[in-house]
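Taking it in order: structure first as structure tokens, then the write-up.
Order of the sequence lines sets the chain letters (A, B, ...), proteins ahead of strands, with each chain counted from 1. Keep in mind that the numbers below use all heavy atoms, side chains included, and drop hydrogens, waters and symmetry copies.
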Amino acid sequence: MASLDTPESAAPTPNGPIDPLAELRLALADAATEVRGTPITVELRLDRPKRSEFGDFSSNAPLLLSSGLDEQPRALAERLGAALGRRLGPDLDRYEVAGPGFVNLFLSDRFWRSALSTIATVGGDFGSRVAGAGVERLLVEFVSANPTGPITVAAARHAAYGDSLCRILAFAGHAVEREYYVNDAGGQIRRFGESLAARARGEEPPEDGYHGAYVTALAARIAGAPELGPDELADQGIELMLEAVSATLERFRVHFDRFFSERSLHADGAIERALELLSESDHVYASEGATWLRTGDLGDDKDRVLRRSTGELTYFAADVAYHADKLRRGPDRVIDVLGADHHGYVARMQAAWQALGGAPGGLELLIMQLVNLTEAGRRVAMSKREGEFVTLDELIDDIGVDAARWFLLQRSHDTTLDLDLALAREQTQENPVYYVQYAHARIAAILRRAGEERRTAAASADLAAAGAPLHPSERALVRRLLEFPYEVATSATRRAPHRLTTYALELAQGFSAFYRDCRVVGAKEEGGDEAFRIALSRSVQATLARSLDLLGVEAPEAM
RNA sequence: GCGCCCGUAGCUCAGUGGAUAGAGCGCUGCCCUCCGGAGGCAGAAGUCGCAGGUUCGAAUCCUGCCGGGCGCGCCA
């Protein structure tokens, strides 16, 4: 059963009734306080019942509130329903007490009309939050793929997820900065340079080097490559690779505010400064010729090396310095999106964060699981070393940006994902992304057909005024719209963009049912309310467009 | 061996304490004088991995097993 409660951080804004459902929840809490006689401490929710005979909304509040009281849940439910009825007045048709102690609410047309009126007034901002408690300044790092090769499908999932998450967080009212950490230092860069040097001379790269065909092509683009040394080649190769990566990401509608270079941390002494800082707080010690961070005392399995016995700094040392930099910039929260192969890294990074003086919970490490591409049951292998992989550019060429983003976002980030290329390639009803886009385009066609005059009339009509009785499909569709603010808030707090693919699909289906049952243009002929239906269609269109925008998918006017 | 993630319909997966567990694909059967048929409707299909526990109530929380993926460097 879908829960319609609002997460704590998504309290209704003080500047107006932009969320009718939140108002309903407030009325419920108010009524519960009256019935109980003392302020309530438990979180009360309004659920969406699975069966229509259980009402438009359902609450289990009596079951929760009766604990510790003498009163039976059903008796409490009866009093709660009555108290709620006094608050909602004509917005409530009736309530029923059911099961072990649920109170089921049946709202009136007056409620639905008034709710749509509110949604239509808010327009494209419906579901967004511009103020209120819980707004944070967030620094989100994602992708951060090594600049030694093209963006792969695995990194593409990170890109789609991180970007969509940022869009959602921003829409939910947070201030978001997006950052890409460029691993342009260390052993792999040396191997990259050596591989370029070998290819430039027409030789095979070293055993542990990079063997992809793109390395040869890259070497060919560097002027005078055969005469250059590995370091110089690596420098130029990384520069070219980063340009390509950035272009691919922009093509994928993913934009970063900053590319943060690992090498710059070495160059400007930031790592040394971070080490000094940690030494002052006694988190660092020397042993076996190396310098260690005492992560074992802070939840990690063991201590970790910052400076090798050879004198070289580790990748970890640079990352610690990077996070010291993030911390110094003062965001309320730092979010890193990491690959599944980095989950062993989480404990030491959290330990380092603590050692740096970061607030508990101030660093959030999200682990992305892997992507498998399937094509007619066959799995497409991906290994950057062997050069046998599908790049994001190839994926986009194959199935398009919209399908690629939708399918990569469709599943929870912590589950492995199978992407069926054959299905994603379909431009028919079998493909959910086209289904949703089709619904959007169809509404656009209907509104075009309605014409300027009817649209203007609908825009200026008093939607909340009494009118023709609403069809069940109309009420169901308004209710689906009302869930949008909750879905946005939940997607944000749970870092779960995939919820919006489900929501968009359900909203599109709700519109299809409405379209089947109710004429929009010419509604009067069947006793319907044309202005209401036009406004409803517009609101659905706007909410579909917003949902797709948060996913980074286009909402076409025509297909 | 230890750690993280996962196990829900034939397939891919939603569903982080509520009533008879859902969607998409696939399958079966219907519906185009009707605002976009690139669509819609109906149906078949499930021991929610297994076993205990907590609870008025568990796919959901706890414990133990089983199965799969990924990790466990003075690599990045």
Side-chain angles (χ1 to χ4, degrees), chain A residues 1-3 45 47 49-51 53-54 58-60 63-64 66-67 72-73 98-102 104 144 146 148 183 185-189 191 208 262 287-292 301-302 304-319 339-347 367-370 372 374 377 407 410-420 422-423 426-432 434-435 437-439 441-450 490 494 496 498-499 501-503 505-506 509 512-513 515-523 533-534 537 558-559:
Chain A
M1 179 173 290
S3 157
R45 320 181 326 186
D47 291 321
K50 280 174 288 196
R51 309 176 60 188
E53 59 260 45
F54 292 155
S58 165
S59 173
N60 63 355
L63 288 162
L64 299 175
S66 67
S67 72
Q72 291 302 309
F102 295 101
N104 297 333
S144 299
N146 293 332
T148 54
N183 304 143
Q188 64 176 354
I189 299 303
R191 283 192 290 278
D208 61 353
E262 176 184 358
S287 173
E288 303 168 50
T291 305
W292 300 72
D301 294 338
K302 55 179 184 181
R304 305 291 173 174
V305 171
L306 293 167
R307 190 195 307 280
R308 291 191 267 268
S309 48
T310 61
E312 285 177 298
L313 292 160
T314 60
Y315 170 85
F316 181 54
D319 212 10
D341 55 345
H342 279 66
H343 73 247
Y345 196 69
V346 168
I367 300 298
M368 294 283 295
Q369 295 299 322
L370 303 175
N372 297 310
T374 62
F407 276 80
Q410 205 170 191
R411 308 306 178 198
S412 171
H413 70 90
D414 58 10
T415 190
T416 53
L417 177 149
D418 279 18
L419 200 168
D420 182 348
L423 176 61
E426 286 288 331
Q427 307 209 357
T428 65
Q429 74 249 16
E430 290 125 37
N431 188 339
Y434 280 90
Y435 180 91
Q437 290 182 311
Y438 178 80
R442 181 189 247 172
I443 295 170
I446 292 167
L447 294 174
R448 278 193 298 272
R449 173 170 283 266
T490 307
R494 293 192 198 167
H498 76 278
R499 295 182 63 98
T501 63
T502 303
Y503 177 80
L505 196 57
E506 287 176 351
Q509 285 169 335
S512 291
Y515 175 79
R516 176 194 69 232
D517 296 332
C518 306
R519 286 197 64 83
V520 177
V521 179
R533 289 178 181 176
I534 288 175
S537 299
M559 297 175 70

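Across all strands shown, Ala185(A) has heavy atoms under 4.0 Å from sugar-phosphate atoms exclusively, and none from any base. Note on Arg449(A): only backbone sugar-phosphate atoms sit closer than 4.0 angstrom, heavy atoms only; bases stay farther off. Residue-level contact check: Gly522(A) touches neither bases nor backbone, having no heavy atom under 4.0 Å from any strand. Ala441(A) comes within 4.0 angstrom of a base, heavy atoms only. Counting non-hydrogen atoms under 4.0 angstrom, Leu306(A) reaches nothing in the nucleic acid. Nucleic acid contact class of Ser412(A) (heavy atoms, under 4.0 Å, all strands): sugar-phosphate only. Residue-level contact check: Thr502(A) touches the backbone only, with heavy atoms under 4.0 Å from sugar-phosphate atoms and none from bases. The residue Ala290(A) sits close to a base: some heavy atom pair falls under 4.0 Å. Across all strands shown, Ile189(A) has no heavy atoms under 4.0 Å from either base or sugar-phosphate atoms. Counting any heavy atom pair closer than 4.0 Å across all strands shown, Tyr438(A) reaches a base atom. Note on His498(A): only backbone sugar-phosphate atoms sit closer than 4.0 angstrom, heavy atoms only; bases stay farther off. At the heavy-atom level, Ala558(A) lies under 4.0 Å from base atoms of the strands shown.
At a cut-off of 3.5 angstrom, the base of A19(B) holds at least one donor-acceptor pair with the side chain of Asn104(A). Below the 3.5 angstrom threshold, one finds no donor paired with an acceptor across the side chain of Thr314(A) and the base of A76(B). For Asp341(A) against G71(B), a side-chain-to-base donor-acceptor contact under 3.5 Å is absent.
Aromatic ring pairs are classed by plane angle as parallel below 30°, tilted from 30° to 60° and perpendicular above 60°; the pair Tyr345(A) and Phe316(A) is perpendicular.
Using C1' as the reference atom, G18(B) and U60(B) are 11 Å apart when rounded to the nearest Å. With P as the reference atom, C41(B) and G26(B) are 15 Å apart, rounded to whole Å. Here, A45(B) and G10(B) have their C1' atoms 8 Å apart, quoted to the whole Å. Distance check on atom P: G24(B) versus A42(B) gives 11 Å, rounded to whole Å. Only the P atoms considered, C61(B) is 44 Å distant from C30(B), to the nearest whole Å. For the P atom pair drawn from G52(B) and A58(B), the interatomic distance equals 14 Å after rounding to whole Å. With both ends at atom C1', the span from C48(B) to U8(B) equals 4 Å, rounded to whole Å. Annotation: C4(B) and A59(B) have their P atoms spaced 24 Å apart (nearest Å).
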**Prompt:** What string of B, S and - do you get for nucleotides 4-11 of chain B, 5' to 3', when a contact is any protein heavy atom under 4.0 Å?
**Reply:** BSS-----
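Between Ser59(A) and Arg45(A), the shortest heavy-atom distance links the atoms OG-O, 3.4 Å. Contact record, Pro73(A) with Pro100(A): CB-O, 3.4 Å, taken as the closest heavy-atom pair. Across every non-hydrogen atom of His498(A) and Thr501(A), the tightest pair is O-OG1, 2.7 Å. Considering all non-hydrogen atoms of both residues, Arg308(A) and Val305(A) come closest at N-CG1, 3.9 Å.
Stacking of the aromatic ring of Phe54(A) onto the base of A19(B) is found: the ring centres lie under 5.5 Å apart and the planes are inclined by under 30°. A stacking contact between Tyr315(A) and C75(B) is absent: the pair does not combine a ring-centre distance of less than 5.5 Å to the base's six-membered ring with planes differing by less than 30°. In this pair, Phe102(A) lays its aromatic ring flat on the base of A19(B), centres within 5.5 Å and planes under 30 degrees apart.
Of the listed residues (Ile534(A), Val520(A), Val521(A)), just one forms a side chain to side chain contact (heavy atoms under 4.5 Å, CB included) with Leu447(A), and that residue is Ile534(A). Asn372(A) pairs with exactly one of Leu419(A), Leu417(A), Asp418(A) by the side chain to side chain contact (heavy atoms under 4.5 Å, CB included) rule, that one being Asp418(A).
The closest donor-acceptor contact from the side chain of His413(A) to the backbone of Ile367(A) lies under 3.5 Å. Remark: side-chain polar atoms of Asp420(A) are paired, donor with acceptor, to backbone N or O of Ala422(A) under 3.5 angstrom. Asn431(A) places a side-chain N or O within 3.5 Å of a backbone atom of Leu423(A) that can act as its donor or acceptor partner. Of the possible polar contacts, none joining the Thr314(A) side chain to the Arg307(A) backbone as a donor-acceptor pair under 3.5 Å is found.
Applying the 4.0 Å criterion to OP1 and OP2 of C75(B), one finds that Arg308(A) has a side-chain N or O inside that range. Residue Tyr435(A) has a polar side-chain atom (N or O) positioned under 4.0 Å from OP1 or OP2 of G40(B). Residue Arg442(A) has a polar side-chain atom (N or O) positioned under 4.0 Å from OP1 or OP2 of G37(B). Between Lys50(A) and the phosphate of A19(B), there is a side-chain N or O to OP1/OP2 separation shorter than 4.0 Å. Checking the phosphate oxygens (OP1, OP2) of U16(B), a side-chain nitrogen or oxygen of Arg494(A) falls inside 4.0 Å. At G37(B), one or more side-chain N or O atoms of Tyr515(A) fall inside 4.0 Å of OP1 or OP2 (strictly under the cut-off). Using a 4.0 Å cut-off, some side-chain N or O of Arg45(A) falls inside it from OP1 or OP2 of G18(B). An OP1 or OP2 oxygen of U12(B) is reached within less than 4.0 angstrom by no side-chain nitrogen or oxygen of Arg411(A). The side chain of Gln509(A) places an N or O atom within less than 4.0 Å of a non-bridging phosphate oxygen (OP1 or OP2) of G24(B).
Distance CG/Leu313(A) to CG/Asp319(A): 13.0 Å, rounded to 0.5 Å. The distance from the CD1 atom of Ile443(A) to the CZ atom of Arg448(A) is 11.5 Å, given to the nearest 0.5 Å.
Here C32(B) is in the syn range [glycosidic angle within 90° of 0].
Atom pair Arg516(A):CZ and C34(B):P shows a separation of 18 Å (rounding to whole Å applied). Rounded to an integer number of Å, the gap from CZ of Arg304(A) to C1' of A76(B) is 14 Å.
With both pairing distances under 3.5 Å, U33(B) is matched to nothing as a Watson-Crick or G-U wobble pair. With both pairing distances under 3.5 Å, G71(B) is matched to C2(B) as a Watson-Crick or G-U wobble pair. Under the Watson-Crick or G-U wobble criterion, with both distances below 3.5 Å, C13(B) is paired with G22(B).
Using modelled atom types, one finds no donor on one side chain facing an acceptor on the other under 3.5 Å when comparing Asn183(A) with Gln188(A).
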Distances for protein N or O near nucleotides 26-32 of chain B N or O, under 3.5 Å:
none

Which atoms of nucleotides 45-48 of chain B (N or O only) lie under 3.5 Å from a protein N or O atom, and what are those distances?
none

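With the nearest nucleotide of RNA chain B identified for both Ala98(A) and Leu419(A), Leu419(A) has the one nearer the 5' end. Annotation: of the two residues near RNA chain B, Leu417(A) and Ser512(A), the 5′-most nearest-nucleotide partner is Leu417(A).
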